[in-house]
Each structure stands twice: as C-alpha cells, then as structure tokens.
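Residue numbers begin at 1 in each chain, while the letters A, B, ... track the order of the sequences. Quick caveat, the model's predicted, so the values are computed rather than measured.
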Number of protein chains: 2
Amino acid sequence: MTQGSFSRQQVLKLTELSSRQLSYWRKTGLVCPQSITPGGHARYAFTDLVALRTAKRLLDAGVSLQRIRRCLDSLTRFLPAADRPLVELSLVVTGDVVLVFHGERAFDALTGQEWVFPIAELAAEVEKLQQQLPEQGELFSAEYNKRGELA
Amino acid sequence: MTQGSFSRQQVLKLTELSSRQLSYWRKTGLVCPQSITPGGHARYAFTDLVALRTAKRLLDAGVSLQRIRRCLDSLTRFLPAADRPLVELSLVVTGDVVLVFHGERAFDALTGQEWVFPIAELAAEVEKLQQQLPEQGELFSAEYNKRGELA
DNA sequence: AAAGGACAAAAATATTGCTTTTTGTCGCTT
DNA sequence: AAGCGACAAAAAGCAATATTTTTGTCCTTT
C-alpha cells in the first residue's frame with residue numbers, strides 16, 4: 001500500500017494544475033489516473049501525482065506540452081527500462097532543452113544525443129598534440145600586428 | 001614565452017580544419033592569429049590553437065558557426081571578465097544549446113538563462129505536500145481500470 | 001463533485017519562400 | 001606555401017502564413 005489514492009480535488013490542490021489540464025492530459029494520455037472508480041471517476045496514485053507535478057514544473061520552466069510529449073516518446077526509445085520517465089528520471093531544463101542524467105551520462109531527452117566535452121580539457125589535449133610536431137616551437141618572435149577578434 | 005607560434009600548416013594539422021575555414025574565420029574575426037609576420041603571414045599562438053579547436057568541436061557537435069558567434073557575443077555581455085570564452089570557459093553542448101559552467105551555476109550561453117531543478121527532488125516535495133492533507137490516505141481501494149498512458 | 005461536449009482564444013509547431021552565411025574549388029600573385 | 005578574389009553549392013537563419021495543440025469558459029448529464 002505505498003500507493004495512496006487521490007481524488008480530483010486533492011490532485012488539483014497538490015499539483016496546482018487547472019481542472020481543464022487534468023482532464024486534457026488524461027484524455028490525451030500524458031498522465032492517466034492509475035485506477036477508475038465504479039462510477040467512472042479518476043483515482044490518482046501517488047506516482048501519478050509525481051508525474052503530474054513534474055510535467056507542471058517542466059511547463060513552468062518553459063517546456064511546451066508538445067515537447068514534453070516528444071521527450072517522453074524518445075525516452076521510451078532510449079531508455080526502455082524507464083517505465084515512467086516523469087517519475088523516475090533526473091531532468092534538467094531550460095525552455096528549449098530537456099537534459100536527462102542517467103548514470104554517468106547526460107543526454108538530450110528529445111534527440112538522444114549525448115552531451116559532451118568539458119572544454120576545459122582541451123588545453124591539455126592540444127598540448128599533447130603539440131608534442132607530435134617536433135619541429136615547431138618558439139621559431140618566430142616577430143609580432144607586427146595585434147588582433148582585434150571576437151574570441 | 002608560454003606562447004609558441006604556429007604556421008598555417010601546423011595549425012591545419014593540429015586542428016583538422018580546412019584551409020578555407022581557417023581563412024574565413026580569420027577574416028570574419030572568429031579566431032585571428034595573434035601576430036602577423038613581416039610578410040603578412042599568420043602566426044597562431046597556442047591559445048589561438050585552443051580557440052580554433054574548441055570552435056571546431058562545437059561545430060562537430062552540431063552547433064552552427066552563427067550560433068557560436070552569437071554565443072561569444074552574449075558571453076562577453078554575461079561574463080565580461082572572460083576575455084576569450086573559447087579558451088577559458090567550460091562548455092557543454094548539443095546541437096541546439098551551449099551550456100556554460102561557471103562556478104556553481106550553469107547557464108545558456110546564448111540567452112544567459114539559468115538552468116534549474118533536478119527533478120529527482122520532486123518525490124520528496126510531493127511527499128511533504130501530502131502531509132498537508134490530513135484527510136486523504138488509503139481511502140479508496142477499488143481498481144477497475146488499468147491505464148495505458150505515456151508517462 | 002466529476003465527466004464530457006462545444007466553441008473560441010492563445011500558444012506552439014510546421015511550412016514555405018527568401019536572404020545570409022559558410023565552405024569548397026579554381027585560378028592568380030607574391 | 002600563403003594569401004586573395006570570384007563563383008557556386010550547401011547550410012543556416014528569418015519572416016510570414018497556415019495548421020495543430022492546449023487551455024479557458026460555459027453548459028449538460030450522471
């Protein structure tokens with residue numbers, strides 16, 4: 001009995017969703033109540049609550065519903081083990097992107113593309129490359145022109 | 001003399017850029033050689049190399065040149081202390097977004113918008129909310145219908 | 001109270017055509 | 001080898017429009 005079972009009123013209070021949203025999300029399958037009463041009324045489980053609240057937060061952070069849906073779609077593909085991404089996963093967001101942290105990795109929830117390379121490491125990398133060129137060094141010293149660049 | 005000074009050939013080898021790109025980037029001010037020889041030839045400093053390679057990596061990760069330029073523009077606004085973002089900053093990327101890690105924070109290089117909320121914390125939060133509702137609990141046990149939802 | 005339907009405003013997305021940017025290639029000069 | 005210029009293809013961005021999704025409001029039914 002870890003579940004708990006919440007009525008519509010309770011859910012509205014706990015999630016700060018509008019009644020319309022709750023209905024619509026249910027109808028369109030974004031978050032459905034875990035069970036239904038004999039009278040056809042929704043009963044939301046605790047995990048449903050978490051999912052609803054997560055979706056709400058994503059919305060508030062500027063992620064559109066449609067993007068949320070697409071992310072969920074993708075995630076079932078990339079992480080089939082994650083049954084309910086909105087409940088289980090660790091997400092980070094701006095308006096345009098949803099990042100999923102999973103183990104050591106981070107990837108885009110939508111495209112699955114992995115996020116990469118702390119560029120800090122690049123200096124070291126170039127340094128290594130530098131050693132592959134035996135001949136170069138302080139060969140040139142003249143500096144006739146200073147740059148006025150962007151980067 | 002931490003600089004080092006690299007000829008065009010060396011730079012091409014080290015950065016895996018095309019000759020055309022090197023020229024164009026120089027002309028458009030993305031990354032310019034630190035100094036010029038009496039004959040008008042480019043001499044790239046070590047930091048230039050790092051900048052070039054960083055830009056190349058961003059490109060490879062799917063960030064367009066134009067976006068890179070705009071990011072650099074923004075960064076000089078958000079982090080005026082960062083003289084050469086491509087050399088100094090710690091960036092993370094997908095095709096659409098460049099994230100900058102700076103101290104404790106992470107923000108979008110383009111918009112400056114801060115990134116937020118590990119959603120993992122949500123469960124705990126809802127649990128807390130739950131306690132504000134004294135009346136609910138395992139009041140309902142009937143489950144007549146299983147859901148077939150997305151999340 | 002909860003669900004469902006209907007209508008409309010707002011928000012988001014997709015599409016299309018147009019402009020600008022980036023890159024490659026060739027040829028010429030130093 | 002390095003730089004410069006010109007032409008063209010590819011990629012990216014932009015703006016205006018159409019289409020779809022989401023949400024609110026009102027009304028009816030159980």
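A:T54 places a side-chain N or O within 3.5 Å of a backbone atom of A:L86 that can act as its donor or acceptor partner. The closest donor-acceptor contact from the side chain of A:R8 to the backbone of A:H41 lies at 3.5 Å or more, if one exists at all. The main-chain N or O of B:L14 is found under 3.5 Å from a side-chain atom of B:R53 such that the two form a donor-acceptor pair.
Between B:R70 and B:G39, the residue whose closest nucleotide on DNA chain D is further toward the 5' end is B:G39.
Closest to the side chain of B:R69, from the set C:dA2, C:dT22, C:dT13, is C:dT22. Out of D:dA2, D:dA12, D:dT22, the shortest distance to the side chain of B:Q66 is found at D:dA12.
Under 4.0 Å is where a charged nitrogen must lie from a carboxylate oxygen, and between B:D73 and B:R77 no such pair does.
The distance from the CZ atom of A:R20 to the OG atom of A:S18 is 8.0 Å, given to the nearest 0.5 Å.
Note on B:S64: a side-chain N or O is less than 4.0 Å away from OP1 or OP2 of D:dG13. Here A:R26 reaches the OP1 or OP2 of C:dA3: one of its side-chain N or O atoms lies under 4.0 Å away.
As rounded to whole Å, 14 Å separates atom P of C:dA12 from atom CG of A:L58. When rounded to the nearest whole Å, the span between CZ of A:F6 and P of C:dA1 equals 19 Å. If you measure from atom CZ of B:R67 to atom C1' of C:dT22, you get 15 Å, rounded to the nearest angstrom. Nucleotide D:dT22 holds its P atom 8 Å from the CG atom of A:L30, rounded to whole Å. Rounded to an integer number of Å, the gap from B:L17 CG to C:dG24 C1' is 14 Å. B:L22 has its CG atom 15 Å from the C1' atom of C:dG24, to the nearest Å.
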Every protein N/O within reach of nucleotides 23-30 of chain D N/O, cut-off under 3.5 Å:
from: D:dT23; atom 1: OP1; to: A:Q21; atom 2: NE2; distance (Å): 3.0
from: D:dT23; atom 1: OP2; to: A:W25; atom 2: NE1; distance (Å): 2.8
from: D:dT23; atom 1: O4; to: A:R20; atom 2: NH2; distance (Å): 3.3
from: D:dG24; atom 1: OP2; to: A:S18; atom 2: OG; distance (Å): 2.4
from: D:dG24; atom 1: N7; to: A:R20; atom 2: NE; distance (Å): 3.0
from: D:dG24; atom 1: O6; to: A:R20; atom 2: NH2; distance (Å): 3.1
from: D:dT25; atom 1: O4; to: A:R20; atom 2: NE; distance (Å): 3.4

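Under a hydrophobic clustering in which Ile, Leu, Val, Met, Phe, Trp and Tyr are joined whenever their side-chain heavy atoms come within less than 4.5 Å, directly or via other members, B:L110 and A:V98 fall into different clusters.
Within 4.0 Å of A:G40, counting heavy atoms only, lie sugar-phosphate atoms of the nucleic acid but no base atom.
Shown are A:D48, A:L49, A:T15, A:L52; of these, the side chain to side chain contact (heavy atoms under 4.5 Å, CB included) with A:F6 is made only by A:L49.
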